[in-house]
Structure formats: C-alpha cells, structure tokens
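Have a look at the structure below, then the notes.
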Amino acid sequence: MNIGLTILPLIVRAISMRFILLIGFGIMISLPAFSQNDTTESKPDTVQINSFKNRFKSSLEDDQKKRDSIQNRRVEESEKEDIGYIALQAKQYPDSIVIRWAPSNRLLWLMGKDYGYVLVKRTSERRSFEDIQDLSTKVLKRLEEKGIKAPDMSDPATLPSENELRAFQAEIEKLTREDPEVFSDILSAPVDEFLASYEDPIKPYDSATWAPYFPTEDSYALLAAGVVHGALEISPDVGFALKGKQENSVFGMTLISADLSRLAANGLGLRFVDTDVEKGKNYSYTVYIADSLSQVPFENLSEEERRKRTYRTVNQDPTGTSILEYEGIMEVKEVVGLATQSLDHEIQLHWPVKASPFTGFLIERSQDGGETFDLLTQRPFMGSTFDKVMDTLGTLEEHYRFRDSVEYNYLTYTYRVRGIDAFADESKPSLIEGMAIDQIDPTVPHMKKAEFNEESGSIRVVWEYPEIPSDFESMSIQYGFFADGEYSEIKPLKKEDTVYVHQVQPLEYAHYFRIAVIDTNGRKAYSDHIFTHVPDTVRPIKVTGLKASIDSGGIVDLNWDKSHEDDKTFKGYRVYYANARNHEFTQLTTKAIRANTFTYQIPLDNLTETIYYKVQAVDQSFNLSQFSEIVEAKKPDTIPPVAPVFHTPVISETEIILDWEPSSSRDVVANHLVRVETGGDTLVRILEDISQTTFSDIEVEKGKNYNYTMFAVDDDGMMSDPSFPVGGKLVDNKRLQPVEDLQVKYNKNSHEIRLTWKSDIKDDDVRYVVYRNLNDDKVKRYNMVEDQSFRETLKKKGTYYYAVRVVKRDGSKSILSKAVPVKAE
C-alpha cells in the first residue's frame, strides 16, 4: 500500500489549519503588492500602496487571526448598536463574473455614494488530487530525511493514537514554516489586484454618464438616477417621523431597483463586471468604502476609528469576501416549493421564503392549459408580507403568498412563476395548476325548540327550514351529550321534515341536538345546537362584576365576582369573546373553569382595536346561566395602518388623475398625498375624507415627470409606509401619419412570413408596433420594431392577421392600419 495515500488526510488536515482553502495547500510567503509593475519608484499615492502592502504581506496564519479578531470586534460592537455591513455576492456567467454589493443601512449607502467603493480581486490556482498526492510523497521524503517517520495507518488493528497523530501534524506544520521550498514547484501564491482603487473608486454615475441612457422605459433606472442626483431627497420641512420613514423607504426602493435593473445597479455604483476570468481558477472579491480610513493600516487606527472601520469593511462573509470557483457556467435557479390553496373564486399561490433567493417574482396565468399566459403582475411581486405554512416535517416556515381572484370555480388554471435575483436575471419558470372551489357552506335549518314530555319520556325537537338551498343533497339529525363534544347521527331526514321525537334512555341527562346538511359539492354544515335536560331545569344565576384589561404585551386579565362556590351542582364558568359587540361570540375556554379569573395572551399584530368578553355559568346538569354583561377591552395600538394602493394614473394634456384603493385599516383618519418632482417633494393634500379615492392634479407642467406616493394616518397618529409610487408626465396627443402599403408574404417551405410597409415619418424616435391574431381579425399588440419590416416563423396552422401602428416616445401615435391576412399551411 502507498503510505503517501494513507497519510494524505493528515497532511491535508495539517496544512489546512495553516492556509486558507482558497489557495489550496499554499506556502507561507509574503503577498505581492497590488501593482502589476514591480518598480523601485513609488506611485503618486505611496501611503495607499504601502497601506495595502502591509495589510496583505503578513503570513496567512496571521491574516486569518486578524480576520477572526475583526469579526469578534464586530460581534462585540453589534451588541451595543447596529453598525451595519456591506453585503456582497458574485455570480458566474459564460464569459464573466458579475459582482453585486449593497450597504445594510442608509448611512452606509450615503457614505458609499459620496466616497465610492474599492474592489479587490484575489486569483488563485485550483490544484488537482494528483498535485496533492505528489506533495504528500515529497513531504514524507523530506520528513524521513529529518529522521521523522510517518505513523503506520495501513493496519486498522494498530492505528496510532490521537496524540501521535497530533504530533505528526505538528511536524508537517513546522516543515511548512522552516522549509517552504518543498511546496514551491506545486503551489503558488495568490495574485491580488485592484479592480477599483482608492484613487479611482466605483461611484454612482454622474449626469454625463447617465445621459446616453435617457429617455428610457426602465423605471428602476429612472428611480436610481433620481436618488443619485437628489430628485428623491426628503424636504427638510417634513416632520422627523415622516422624514425618517420616507428616507428609509427611498433607501429600500434604491436597493430594490439595483436588484431588478442592471442599468440601475451600474448607475448606483453597486455592480461590477469582471471579464478577465479563466476556467479552473478560484476568485474572491472584497469591497470597501473608499473613505480616508481605507488608506491607513488597521493596526495604526485608534479604537474609535477601528470600530468605524469594521462596519466599513466587513461583508456578509466573516472574512469580508465572496469566493467563487469559476467554471464558466451560469447557474439558473428556479422557484421551488410552489403550492396552491383553493378558495371560493380565489386561488392562492405560496412558496417558501428560504428556498427562494429572489428579490421579486413575475407571475403569469393561463386558462388554456399552458398554451398562452397573461401577466398578473405589472411590476415584480415583492412578497413583502409572509405567512406561516406547515411543511411536510410539521415545521412552520415563512412563505410568500400571492392571491389571484378568478371568475370561475372548478376551472383548472395554470400558473407560471419566475424569480428575479439580485443580478436582475430571471429564473426558469416554475409551473403549477390550481383550481378555485366553492367555499360557501349550505344553509341550515333554524332549531326552534326541544321539549321534554314527562309522561311519554320523550323529547320533541322542532325546527324550520325557510329556504332550502338549490344544491341540497341530504340532511340528518344528530345527538350529543355535550355542546362542544362529539355528535352521533340518529336518523336521516327528508328536506321537508320539521319534527323529530327522541325517546329518552336511562342515564341520559343532557341532550344536545343539531342538524347536518350536505350539498351537492360535498360540503357539510351544522345548525346551531339546541339543548334540553332531564330532569334538572334550574339555571345558574347570572355572572356579575366582569372586568377585562390588556397590557402592552398582549396579556389579557379577566376577573368577575364569586357567586357559585357553595352550590354543589355548580360545574364552572365559560368565557366567550368577539371582535365586535354585535358579532357572534366564540367560546374561549375549552372546558368549564372553577376559578373566577382567566388570563391568556393575544396577538397585537392585527387590525382590530378592541375585543369583547362575556361569561356564563354552567352546572353539573349543563344548565347555562344568562350571559354576564359584555365588557370591552382596548388593545395597545402597535401596528401602523396599511398603505393605500395606487391604480395606474390617467394622464391627459392638462392634468394627472390619481385613483387608489384606500387603506384596509379601520382606524385610518387621513391620507397624505405627496408629489415628488425635480428639486424635492411636495405635500399636495391632506385628505381627511378617507372615502375619497381620486384626485386630479392640475398644478403640473408639460415636459416634467411627476411621481406620487401616499401615507395613511390612523387615529393614534401612526403613519403607514409609503404606497408604491406612480407617476408620469402630461401627454401630447399629436396624431401621426399611419403606415401605407402594408403587405405580407408567406414562404410555405420555411413557414416564414415577411411583413413590410411604408412610412414617410423620418425620425429616430419612431417605432412600429406590430399587432397580430390567429383566426380572428381582432388583432392584439404583439411586437415592436424600429425598421419598416417584420419577420417571424409561424408554428401553428391557420389564418393570421397583422396590423401596424406608428408610435413615438412622447406618446403620440397613429391610428392602427387595416389588418391583412395570411394563411399558414
């Protein structure tokens, strides 16, 4: 047996303790400076170059200790205050690696915006198993020359002790320090370089750099440009609370725009494309804010400066790097765990948050089995609220949830969901089918009375069924000993029956009756139960003195007067609650309780402000007292209201008409409408009439872009997050000259059509919108081209109809041309 192979794990283990895995089994050497030219002359910024030389020239063991020290300090400081970090990700493509980063809070974002970012790249070779095997043989030979024999691991019966193994590993580590040339022909040092230096950091685009990209339909790039150049800065006249909310909202929207648009990410200075990559090599990237502290070695900083430096350099990974083994293959993920829930005229899609590393989602629906899909989300669905869903292991996990209202029940719909990651890449589509089902319970009879007859020893149960449902299937009468216990079916009934006589059996005292109704969809509903008791008919006395209070933690404390302890027939109390005084009350206690107090905890993260309670006494014969007086308890208000939701605005030549869905929160007392334009934002109106859902803004000028957002304010002064902004600019309804001589030609062999037309409009801003439909001349928008022709290959047989419209970016357009047919065979 090759002894080199048997001790190879020991060598790997020993060397791994000293050298980071990115380098493989590297030797302890001084790293080169970042400059590619090794000259004796100093660069203009000598302080900076020497700073980074000092930073990386120590041994890898000391470097690792420094990383651990930085991370420990960050943990200690994070217990005092939230100092933040810069999140960093890298993703490989067939020809490049794209690096994305984002500050964790608004203050870090402002620092990065002002100073820019330093981006460092480390390149190292990846070593094969054969290289490591050769290294093992070489290490053994050199150790034997020093009189050190490797432990024998070939016989499982005589394996060396743990102390012997540790001693041998120590000798290997000693050899790496004293005799590094033993590794020099197999392993090499990593190469470090600046992709963006302190002198030339990555910063947001200036106006000149943005200019070639505008005008653009990329709303996220528009938002990014507005943030960078102050168009979305908050007015200093706004109150502190509103200012803080708006600032954090703008910061959040800024990070979202960078995730959903490459142009926005580039313009914000949060993205870099590295095309200088090779397959089979390892790359790691580190990003820092390029402030003045970036030039100074860490050990030369004061304690306060060290604390500041930590949050400027530490990223998601404790070492502050993102590591990638480059293979030149782009990994395309997909949304996993997609599931549906069927409701009445509604299908809910949900999928786990942990398994979906995406910023937003595009959701489509098909009614023809997946042949064609319609987009349900005009903007990517962000999934800002999460629901707890039980997984297959019985664990509650956070899920995104999307609700889709559908016209028909029991019709199968196909859904297609695609995720958008932090690199603005769309995932593979995930498909799932769903169906809405009838969730309406059948109507049930009204239980009128249950009378006991002493002479016959029977109970006569009477009910009425004033409105028998059209989907009625069957019904039966059921009997139980307890109101909330199990019931057994006594007898099937006809829908015209209204009376049932029950013969009382020995030892039967409490009698509960109800009627079960089943509809044609298999849904079952139960009537209210009706009760009679033999022979005890004396009810307990009414409970008095009920009081209720709720503290800031949601602890509810109920207490009432003692009144039944001396009654031997007394069983206990039942406690009931409701969210409104006129709602049906629900029993809170699972069984009768003897104490005249009851304490439990309620969640405060819901929209109801008050809760109501009442108490009822019950005896051993299950006779019930009258309900106590209803008491009201007010919850502490800890939940801001839900923001209103804008519809698409209607824009004319003179006004912008806004239309919105009001906040669903019941305690909203006003809405604050804010207009954002160049130079700042304006509080347009405080709408105290919460029923108002439209507003016409006539104080606007042509040629300017306007954005609007809205905040809901509740009766406790709490303000919602801003609604997602909408906007636009006044339109110019100039009518363009329509196209002429629209012709279509079809190639039977290649199944290709060629559409041509003529237009006298000479303008670089002109586009042509192609409309198409199959077997119907009611054409729909299909494609957009810049030239006066259009080609495509037809995949289905039938008669296709085509038409063309001329459009410009300023909103002007021509009438739609007459549709021309072509038959595909």
Other residues, nucleotides, ligands: >12 heavy atoms within 6.0 Å of [X] [atom1]:
X	atom1	answer
Lys634	NZ	yes
Tyr600	OH	yes
Glu629	CD	no
Arg523	CZ	yes
Glu489	CD	yes

Is a donor on one side and an acceptor on the other found under 3.5 Å between the side chain of [X] and the backbone of [Y]?
X	Y	result
Thr709	Ser723	yes
Glu688	Ile690	no
Ser527	Pro445	no
Gln616	Ser625	yes
Gln601	Gly553	yes
Gln503	Gly457	yes
Trp463	Asp497	yes
Ser628	Val543	no

Tyr576 vs Phe627 aromatic rings, parallel, tilted or perpendicular, using cut-offs 30° and 60°?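 Tyr576 and Phe627: perpendicular rings.
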
Determine the interplanar angle of the Phe358 and Phe361 rings, folded into 0 to 90°, and report it as parallel if under 30°, tilted if 30 to 60°, perpendicular if over 60°.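 Perpendicular, since the angle between the ring planes exceeds 60°.
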
Quick one: closest heavy-atom pair of [X] and [Y], and the distance?
X	Y	value
Trp560	Ala595	CZ2-O, 3.5 Å
Tyr573	Arg594	CE1-O, 3.6 Å
Val668	Pro641	CG2-CB, 3.8 Å
Val501	Arg460	CG2-CG, 4.3 Å
Val618	Phe570	O-CD1, 3.9 Å
Leu260	Met382	CD1-CE, 3.3 Å

Step by step, would you call Phe711 with Val674 a side-chain contact (heavy atoms from CB on, under 4.5 Å)? CA-CA 8 Å; Phe711 301 84; Val674 178; 4.0 Å; yes

Taking side chain as C-beta onward, heavy atoms only, is [X] less than 4.5 Å from [Y]?
X	Y	answer
Ile459	Phe513	yes
Ile555	Thr599	yes
Met710	Leu687	yes
Pro725	Met253	yes
Phe531	His511	no
His345	Asn409	yes
Leu558	Thr597	no
Ile515	Gln478	no

Does Lys614 count as lying over the ring of Phe585, i.e. NZ or CZ under 6.0 Å from the six-ring centre, within 45 degrees of the axis?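 Verdict for Phe585: a cation-pi partner in Lys614.
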
Using a 6.0 Å distance limit plus a 45 degree cone around the ring axis, check whether Arg416 lies over the aromatic ring of Phe373.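 Yes, cation above the ring, under 6.0 Å and within 45°.
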
ring-ring contact (aromatic ring centres under 6.0 Å, His included) evaluation trace for Tyr479 with His502: CA-CA 10 Å; Tyr479 167 82; His502 175 74; 5.1 Å; yes

Checking Asn707 against Arg675 for the side-chain contact (heavy atoms from CB on, under 4.5 Å) test, could you report, in this order, the C-alpha distance in whole Å, the side-chain angles of both residues, the deciding distance, and whether it holds? CA-CA 6 Å; Asn707 286 283; Arg675 179 178 62 212; over 6 Å; no

Might you work through the salt bridge (Lys or Arg N to Asp or Glu O under 4.0 Å) test for Asp619 and Lys571, ending with a clear yes or no? CA-CA 5 Å; Asp619 63 19; Lys571 183 174 183 66; over 6 Å; no

Could you grab the distance from atom [atom1] of [X] to atom [atom2] of [Y], nearest 0.5 Å is fine?
X	Y	atom1	atom2	answer
Tyr512	Phe482	OH	CZ	8.5 Å
Lys354	Glu397	NZ	CD	4.5 Å
Leu343	Arg403	CG	CZ	8.5 Å
Phe402	Thr377	CZ	OG1	6.0 Å
Leu338	Ser430	CG	OG	6.0 Å
Tyr465	Glu467	OH	CD	9.0 Å

Would you tell me whether [X] and [Y] have side-chain atoms, one donor and one acceptor, within less than 3.5 Å of each other?
X	Y	result
Glu433	Tyr415	no
Asp667	Ser665	no
Gln348	Arg401	yes
His647	Glu661	yes
Asn596	Asp561	no

Applying salt bridge (Lys or Arg N to Asp or Glu O under 4.0 Å) to Asp528 and Arg514, what does each step give before you reach the verdict? CA-CA 6 Å; Asp528 292 336; Arg514 70 181 184 184; over 6 Å; no

If the threshold is 4.0 Å, N to carboxylate O, is there a salt bridge linking Arg418 and Glu364?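 Looking at Arg418 and Glu364, the cut-off is met.
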
Test side-chain contact (heavy atoms from CB on, under 4.5 Å) on Asp404 and Glu346 and set out the steps. CA-CA 6 Å; Asp404 182 29; Glu346 180 177 296; over 6 Å; no

Applying side-chain contact (heavy atoms from CB on, under 4.5 Å) to Leu683 and Leu673, what does each step give before you reach the verdict? CA-CA 6 Å; Leu683 180 61; Leu673 177 62; 5.8 Å; no

Of Thr414, Ile347, Val406, Leu349, which meets side chain to side chain contact (heavy atoms under 4.5 Å, CB included) against Arg365?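 Of Thr414, Ile347, Val406, Leu349, side chain to side chain contact (heavy atoms under 4.5 Å, CB included) with Arg365 is met by Val406 alone.
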
What pairs with Glu632 under side chain to side chain donor-acceptor pair (under 3.5 Å), at least two apart in sequence or on another chain?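 Partners of Glu632 under the side chain to side chain donor-acceptor pair (under 3.5 Å) test: Tyr612.
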
